[in-house]
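A short worksheet on the structure shown next.
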Amino acid sequence: MEFRRTHYTSHVTPEMNSQTVKLAGWVHEIRDLGGIMFLVLRDREGMAQITLFKKTIDPAVLKTAKALSRESVVLVEGEVKAEAKAPGGYELVPIKIELLNPAKSPLPMDTTGKVDAELDTRLDNRFMDVRRPKTQAVFRIRHHMLSAVREFLEQEGFIEINTPKVVATATEGGTALFPITYFDTEAFLNQSPQLFKQLMMSGGMDKVFEIGPIFRAEEHDTRRHLNEATSIDIEASFMDHEDVMVILENLIVYVYEKVAERAVPSLKTLGIELTIPTAPFRRLTYDEAIEINNENSKELLEWGDDLGTSAEKVIGEAIGEHYFIKDWPTEIKPYYTQPYEDEPQITKAFDMMHPRMELSSGAQRVHDHDMLHKRIQDQGLNPDGFEFYLKAFRYGIPPHSGWGLGAERLLMTMLDVDNIRDVVLFPRDRKRVSP
RNA sequence: GUCCGGAUAGUGUAGUGGCCUAGCAUGGAGCCCUGUCGAGGCUCCGCCCCGGGUUCGAAUCCCGGUCCGGGCGCCA
């Protein structure tokens, strides 16, 4: 069976008039008008019209065409005909239609955009949902986004690493972990590469990054949380929190620019015109953030409170663009964030926010072994479980800083998508582990 | 977890006690049509989440369950 195409639909042009090409893809639509029949063939790059003139066509080809069902996979060999009346300025007059694999009917959902499907239906049938140009556009943009992230970080001198997802202990207190059976001992799915990327600072790699999955067993059930998410993490030695904030904002701007430049057809499919943010982002201290909240909200906050969903919204509306919140109370940030030497009640930690939600958090890290040991204890954790980590701090680890950025949140805010599940192919949430 | 809302052909929806033999769109089968591009016209096909209850009568009201959506909580 022959199934190799010579061209994608978008690579055929009216100038190729009378040339023979082979297109392969899915039967997107069938319009049978009597004396003339149109098939719309869809491939990854677009669509092409196949036109059958019933009087002149080979009856065998017509017979195959008549028997096609929507979403069947076909290879069409035909002659390109420049035709102003056809979408794209050309159509294909088939010489041969090969049915490579028929699709059953009825389809689990519509791929043409005529009838909407609910997110739940789309996720249950993700393989078919991805055939919809709009869904495919989201994941092509996701590809461009991650590719730009890698490119930017590499230009900045970062080295890509991979750290284990199966671990023996929690990275930090607070978040729940998924326990797994690892031979005859208990292990967990990692919630963050935090500890491991810090170990690489002791390892002298200076600047590292990782793009990988993180797992959180929290029972959250919102439009912006996942139990398996993708984290973009960096860690850099001989840098403080301000230094890595600059890297972060420049990365965001770079990613927006490259997506706007490279994902033009996908953005068009989604009807999105990207507004590229400008750096530097505004820097709010935690104190200023509290003040803005208290001026604009009925839910008043006191110093030491964490910023909840409503505060995030209120402050986001007041600022209206990406911004940082820095200098957080030491107590509400993890043990590994470095307190200011002169004001130990606040820490060199920051969050980077989109008006809609938090995208990233980072900090300068504690590099002094004894301080780290004490802070682990103070947060009610057992230092024994952290020995593999603490050990690296006894043999020369430079001052260092880093952040973690939620890839899905970056994408959903960029594309103004309401539900985080829309930007993950196979989302894992409180209620979904399949497909 | 909690509060609110929802569940009707394959998909998306209308219907809030009898007018429902459940409407519409899309889809499928078939017929007509040589320029469709969300084609059009005609015929046919296919649906009330599960279990109990109220009532002469339940898709519709009540109770329980399951599943889904949204808010909040939880959350580097």
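By convention in this document, chain letters (A, B, ...) are assigned in the order of the sequence lines, proteins followed by strands, and residues within each chain are numbered from 1. The figures here come from the full heavy-atom set of this structure, side chains too, leaving out hydrogens, waters and symmetry mates.
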### Query
In residues 398-415 of chain A, what residues come within less than 4.0 Å of RNA chain B, judged by heavy atoms?
A:Gly404
### Query
What residues form a side-chain hydrogen bond (donor to acceptor under 3.5 Å, both in side chains) with A:Asn294, not counting sequence neighbours?
none
### Query
Say you pick atom P in B:rC48 and the same atom in B:rU21; how far apart are they, in whole Å?
14 Å
#### Entry: Closest listed nucleotide, where the reference is the side chain of A:Glu219 and the choices are B:rG1, B:rG35, B:rC75
B:rG1
### Task
State whether A:Thr309 places a side-chain N or O below 4.0 Å from either non-bridging phosphate oxygen (OP1 or OP2) of B:rG73.
yes
#### Entry: Contact under 4.0 Å: A:Arg430 side-chain N or O vs B:rG1 OP1/OP2
yes
### Message
Both A:Arg432 and A:Lys85 contact RNA chain B. Taking the nearest nucleotide for each, which residue is further toward the 5' end?
### Response
A:Lys85
### Base B:rG35 paired with A:Glu91 side chain (donor-acceptor, <3.5 Å)
yes
### Message
By nearest heavy atom, map A:Ile214 and A:Glu299 onto RNA chain B; which one lands nearer the 5' end?
### Response
A:Glu299
### Task
Before giving the answer on side chain to side chain donor-acceptor pair (under 3.5 Å), spell out for A:Thr163 and A:Lys165 the whole-Å C-alpha distance, their side-chain angles and the decisive distance to 0.1 Å.
CA-CA 7 Å; A:Thr163 63; A:Lys165 304 308 152 202; 3.3 Å; yes
### Query
Mind checking the C1' distance from B:rC74 to B:rG64? Whole angstroms is fine.
28 Å
### Message
Heavy atoms only, 4.0 Å cut-off, all strands: where does A:Thr337 land among base, sugar-phosphate and nothing?
### Response
nothing
### Message
Whole angstroms only, please: what is the CG-C1' distance between A:Asp221 and B:rG69?
### Response
10 Å
#### Entry: For atom NZ of A:Lys66 and atom C1' of B:rC32, their distance in whole Å
11 Å
### Interatomic distance where CG belongs to A:Asn125 and P belongs to B:rG12 [whole Å]
9 Å
### Task
For B:rC24 versus B:rC56, give the span between their P atoms, rounded off to a whole number of Å.
34 Å
### Task
Please determine if A:Glu210 and A:Lys197 form a salt bridge, counting it only when a charged side-chain N lies under 4.0 Å from a carboxylate O.
no
### Query
Going by the angle between their ring planes, with limits at 30° and 60°, are A:Phe281 and A:His322 parallel, tilted or perpendicular?
parallel
### Query
How many Å lie between CZ on A:Phe215 and C1' on B:rA76, as a whole number?
16 Å
#### Entry: Span that lies between the C1' atom of B:rC4 and that of B:rU55, in whole angstrom
29 Å
### Task
Please report, rounded to the nearest Å, how far the P atom of B:rU34 is from the NZ atom of A:Lys54.
9 Å
### Task
Could you work out which one of B:rC74, B:rG27, B:rG35 sits closest to the side chain of A:Thr51?
B:rG35
### Query
Using purine N1 to pyrimidine N3 plus N6-O4 or O6-N4 for Watson-Crick, or N1-O2 and O6-N3 for G-U wobble, both under 3.5 Å, which nucleotide pairs with B:rG57?
none
### Query
With sugar-phosphate meaning primed atoms plus P, OP1 and OP2, does A:Asp233 contact a base, only sugar-phosphate, or nothing at under 4.0 Å between heavy atoms?
base
### Task
Return the set of residues passing salt bridge (Lys or Arg N to Asp or Glu O under 4.0 Å) with A:Arg70 (not counting sequence neighbours), or none when no residue passes.
A:Asp110
#### Entry: A:Asp287-A:Thr285 side chain donor-acceptor pair, cut-off 3.5 Å
no
### Query
Which part of the nucleic acid, if any, lies within contact of A:Ala349, taking any heavy atom under 4.0 Å across all strands shown: a base, the sugar-phosphate backbone alone, or nothing?
nothing
### Task
Would you indicate what A:Asp351 reaches in the nucleic acid, counting non-hydrogen atoms under 4.0 angstrom: base, sugar-phosphate, or nothing?
nothing
### Query
Which part of the nucleic acid, if any, lies within reach of A:Lys55 when heavy atoms closer than 4.0 Å are counted: base, sugar-phosphate only, or nothing?
base
### Task
Sort out the partner of B:rA7 for me: Watson-Crick or G-U wobble, both distances under 3.5 Å, none otherwise.
B:rU66
### Query
Quick one: is B:rC72 close enough that its OP1 or OP2 comes under 4.0 Å of any side-chain N or O from A:Lys313?
yes
### Query
If we take the C1' atom in both B:rU54 and B:rC63, what is their distance in whole Å?
11 Å
### Query
Less than 6.0 Å separating the ring centroids of A:Phe178 and A:Phe215?
no
### Query
Quick one: A:Gln379 CD to B:rA76 P, roughly how many Å, whole number?
10 Å
### Task
Could you check which nucleotide pairs with B:rG27 in any of the strands shown, counting Watson-Crick or G-U wobble with both distances under 3.5 Å?
B:rC45
Dump every N/O contact between nucleotides 8-11 of chain B and the protein below 3.5 Å, one line per pair.
from, atom 1, to, atom 2, distance (Å)
B:rG10, O2', A:Leu107, O, 3.1
B:rG10, O2', A:Pro108, O, 3.4
B:rU11, O2', A:Asp116, O, 3.1

#### Entry: Options B:rC72, B:rG35, B:rA76, nucleotide nearest the side-chain atoms of A:Arg224
B:rC72
### Task
Starting from the C-alpha separation in whole Å, work towards a yes-or-no answer on salt bridge (charged side-chain N to carboxylate O under 4.0 Å, His left out) for A:Asp429 and A:Arg223.
CA-CA 10 Å; A:Asp429 62 38; A:Arg223 290 186 295 171; over 6 Å; no
### Query
Can any side-chain N or O of A:Asp368 pair as donor or acceptor with the backbone N or O of A:Met371 at less than 3.5 Å?
yes
### Query
Among side-chain atoms of A:Thr112 and A:Glu29, is any donor-acceptor pair under 3.5 angstrom?
no
### Task
Using only side-chain N and O atoms of A:Arg223, determine if any of them is under 4.0 Å from OP1 or OP2 of B:rG71.
yes
### Query
With distance as the sole criterion, is a donor-acceptor pair present between the side chains of A:Glu77 and A:Thr20 under 3.5 Å?
no
### Task
With C1' as the reference atom in both, quote the distance from B:rC47 to B:rU60 in angstrom, rounded to an integer.
16 Å
### Query
Considering residues at least two apart in sequence or located in another chain, which fulfil the side-chain hydrogen bond (donor to acceptor under 3.5 Å, both in side chains) criterion with A:Ser297?
none
### Query
With rounding to whole Å, what would you report as the distance between B:rC49 and B:rG41 at their P atoms?
31 Å
### Summary
Mate of B:rU2 across any strand shown (Watson-Crick or G-U wobble, both atom pairs under 3.5 Å) is B:rG71
### Query
So what does A:Asp306 touch, heavy atoms closer than 4.0 Å: a base, only the sugar-phosphate, or nothing?
nothing
### Task
Find the distance A:Phe386:CZ to B:rA76:P and express it as a whole number of Å.
13 Å
### Query
Taking the P atom of each, how far is B:rA9 from B:rG15, in whole Å?
15 Å
### Nearest-Å distance for atom pair CD/P, residues A:Glu218 and B:rC72
16 Å
### Query
What does A:Thr222 touch in the nucleic acid at a heavy-atom separation under 4.0 angstrom: a base, only the sugar-phosphate, or nothing?
base
### Message
By the 4.0 Å heavy-atom rule, please label A:Lys81 as base, sugar-phosphate, or nothing.
### Response
base
### Summary
Residues at least two apart in sequence or cross-chain that pass side-chain hydrogen bond (donor to acceptor under 3.5 Å, both in side chains) with A:Arg122, listed by chain then number, are A:Asp129, A:Asp422
## Note on the structure
From the candidates B:rA76, B:rC33, B:rG35, the one with an atom nearest any side-chain atom of A:Gln49 is B:rG35
### Task
Determine whether any donor atom in the side chain of A:Ser360 lies under 3.5 Å from an acceptor atom in the base of B:rA76, or the reverse, and answer yes or no.
no
### Query
Using the ring of each side chain (for Trp, its six-membered ring), is A:Phe386 parallel, tilted or perpendicular to A:Tyr335, with breaks at 30° and 60°?
perpendicular
### Query
Between B:rC68, B:rA76, B:rU36, which nucleotide gets closest to the side-chain atoms of A:Ala86?
B:rU36
